[in-house]
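One structure is given here, and the rest of the page talks about it.
Whatever order the structure lists them in is the order used to number ligands and atoms, beginning at 1. Note that the coordinates shown come from a computational prediction; the quantities given were computed from them, not determined experimentally.
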Amino acid sequence: MQATQPNSVPPTSILMPANADVFWLSLQEKLRKKIPAQVFSVFFKDLSAKIIEEKLTITCPNVEVFRHVEKQYKSLIIDEAQTLGFNGEITVECNKKTSLGQSTVKNKTLSAAVRSETAFPNRINLNPGYTFDRFIKGPSNEHAYAAASGAAQKPNDYHNPLYIYGGVGLGKTHLMMAIGNFVQQSYPWLKVKYCPSEIFQSDLIEAMKDKNLSYFRTQYRSVDVFLLDDVQFISKNADFTQEEIFHTFNYFYQNKKQIVISADRPPQALPQLHDRLQSRFQQGLIVDVKAPNFETRMAILRTKAQEAELQVSPDVIKYLASRFTSQVRPMEAALSILQFTANHEKRPIDLQMAKMALKALPQENGIHQVTIEDILRVVSRTLHVDEALIVGPNRTEHVALARHVSMYLAKSLIKGATLSFIAGAFGKRDHTTVLHADQKIRDLIDTDTALQMQIDEMLEELKF
Ligand code: ADP
Ligand code: MG
C-alpha cells in the first residue's frame, strides 16, 4: 500500500484553476483588512496570482513591489491563505515583462508608502526591554497591567481607547511599549507607532511649516496601534495640536484602530486639555498606576538585580525597598551604583557597603515619606498581629497595643499628617484617640525595655 504523503494538501484546498480567481480575491480581501489602506493600494492592488499544481504564484509588477512583498508580507500571505484552507506552496515573483520597462507604481507614491510604514514607527524605537514579562505586578498596577495586556492581545477590541495615568516613573511608558512590543511580535502585519506627545506636536509644527498637513495625517493614520505618551505636556495654548489630537483620536476610534494614551493625571484633572478632548479621553477604559507597595518594590528590586546579574543579599533589597518608596527609577539608579561598587570592591554587596555607597544619593524628593501602609506592615510583622485586626475594632490587649504603637509611629513619622487623618486611618473618628495612644506608648517605653527595643527596631526600618 502506498504511504500517504505527509505534506499532501487536504481536500478542502482550493486548487481548481477555475477557483483561482475567487480564491485570490478572497485572499486579497483578507489581506486588505490587515494592512494599512495606503500600503495596500500601493503594493497589493496590482498583484496577480495563479494556482498551478497546488502552487500559488503571486506576480508583482516590478522589482520594488516584489522585494517589499516578499520581505515584509510573505508570511502574512501564507498565514491568511491557510485560514482559507490553502496549504500548498506559495511563491512571490516579479513580472519580467513589466519590470523591464517603467515601474507601474509611481516612484513618489511608492516611496511615500514605504516611508509611511517605516519612517515614523522607527523614529522612536520601542525599547525591546519593556515587555510584559519584565513588568512586575502588584496591587498598585495590576489593573493597568491587565488592561494593557488585554489591549495588546486584542488590539482594537474592548480595551479601546485605553488611558493609563499615574505619577512619574511608575511604569506607564513601560506598559505602553510592552503593548507595542507584544503587537509587533504577535501580529507583525500590524503597524505600531509610539509617540510622546511633544513629538506629535513638533511633527505637526514642521508639517504646517512645510504646508504638508495631509502627509502628516497619512503618516500618523497609517498605523494600526497608536501609543500617545504623556499628553499632560500639551499646553493649553497649543490649539492646533489639541485639535489635531482630537481628529486623530476620532480617526482611530471610528476606524476601530487601537489607541492608548498616557498622562500623569486622569483626563478630568488636566485643565489644559480642551473640554472636547477631555471628554473623548474619558470615553475609554481608564486605569491608573500607583506607587508600588513594599512587597512590589522588593519584587522589582530582586528582578532588576537578577537581570543585572548583581548579587545582593535580602537585607540589602529590604533596605532599598524601604529607602526608595515612590518611584522605580531611583531604585534602578541605586542598583547601578551598587553594581559599580561591587565591581570596584570585587565582592558581593552587603548592607554596610550598600549604605555607604548610597549615602550621597539624595533621599527621594528630599524627604522620605512613610505611609500608614508601611507602618502597618512593620508593626504587624514585629508584634505578630494581623494588619486587618490593627485597623479594625478588636480590643484584645495585644491588638490594642499594636494599634497604639502604629498610631504613635504614624504621629512621629508621617510628616504633615493631622491627628484626624491618623485617627481615620484606624477607623476612629476622634483625633484625641491618637493623642492618648501616643502618650500611652511614651509611658510604656519608659518601663518596658523589650517594647522599647521593638519600637527602636521599627523606627530604624521605617526611617531608612
Ligand atoms: P513612567 O512612564 O510612568 O514615568 P517608566 O515606564 O519610564 O515610567 O518607568 C521608569 C522605569 O521604571 C523603567 O525603567 C521601567 O522599566 C521601570 N518600572 C516601572 N514600573 C515597573 C514595574 N512594575 N516593573 C518593572 N519595572 C518597572
Ligand atoms: Mg513615561
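Remark: among candidates Phe135, Tyr130, Tyr165, the nearest residue to atom 13 (C) of ligand 1 is Tyr130, based on non-hydrogen atoms. Looking at Asp133, Asp230, Val328, Asp264, it is Val328 that brings a heavy atom closest to atom 12 (O) of ligand 1. When the options Ala178, Pro330, Gly171 are ranked by their closest heavy atom to atom 8 (O) of ligand 1, first place goes to Gly171.
In this structure, Tyr220 and Phe200 have perpendicular ring planes: the angle between them is above 60°, well past the 30° mark. Ring pair His174/Phe135 is perpendicular by interplanar angle, where above 60° counts as perpendicular and below 30° as parallel.
Listed by number with element, the atoms of ligand 1 under 4.0 angstrom from any heavy atom of Arg134 are 24 (N), 25 (C). The ligand atoms of ligand 1 that sit less than 4.0 angstrom from a heavy atom of Arg329 are 4 (O), 5 (P), 7 (O), 8 (O), 10 (C). Which parts of ligand 1 touch Val168 is read off a 4.0 Å heavy-atom cut-off, strictly below it: atoms 4 (O). Interface atoms of ligand 1 facing Gly167, defined by a heavy-atom separation under 4.0 Å, are 3 (O). In summary, the atoms of ligand 1 found under 4.0 Å from a heavy atom of Asn141, numbered by their order in the structure, are 23 (N).
Nearest to atom 15 (C) of ligand 1 among the protein's heavy atoms is His174 ND1, 3.4 Å. Closest protein heavy atom to atom 1 (P) of ligand 1: Gly169 N, 3.5 Å. Among all protein heavy atoms, the one lying closest to atom 24 (N) of ligand 1 is Ile136 N, 2.8 Å.
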CA sep, side-chain torsions, deciding dist, call: Phe44, Tyr73, ring pair (Phe, Tyr, Trp, His ring centres under 6.0 Å):
CA-CA 10 Å; Phe44 284 81; Tyr73 294 107; 5.3 Å; yes

Worked verdict on Val225 versus Lys193 for side chain to side chain contact (heavy atoms under 4.5 Å, CB included):
CA-CA 6 Å; Val225 176; Lys193 177 167 174 52; over 6 Å; no

Working for salt bridge (Lys or Arg N to Asp or Glu O under 4.0 Å), residues Arg377 and Glu387
CA-CA 7 Å; Arg377 172 180 45 78; Glu387 289 184 31; over 6 Å; no

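Residues in residues 370-394 take part in no ring pair (Phe, Tyr, Trp, His ring centres under 6.0 Å) pair, two or more places apart or across chains.
Here CD1 of Ile261 is found 11.0 Å from CZ of Arg280. Values are rounded to the nearest 0.5 Å.
When only modelled atom types and interatomic distance are considered, Ser262 and Asp229 share a side-chain donor-acceptor pair under 3.5 Å.
Heavy atoms of Lys304 come nearer than 4.0 angstrom to ligand 1 in at least one pair.
With a cut-off of 2.8 Å, the Mg ion (ligand 2) has no N, O or S atom of Met176 in range.
Cation-pi geometry between Arg221 and Tyr251 is met: the NZ or CZ atom falls under 6.0 Å from the ring centre, inside 45° of the normal.
Contact annotation for Glu332 and ligand 1: only side-chain heavy atoms (C-beta onward) come within less than 4.0 Å of the ligand.
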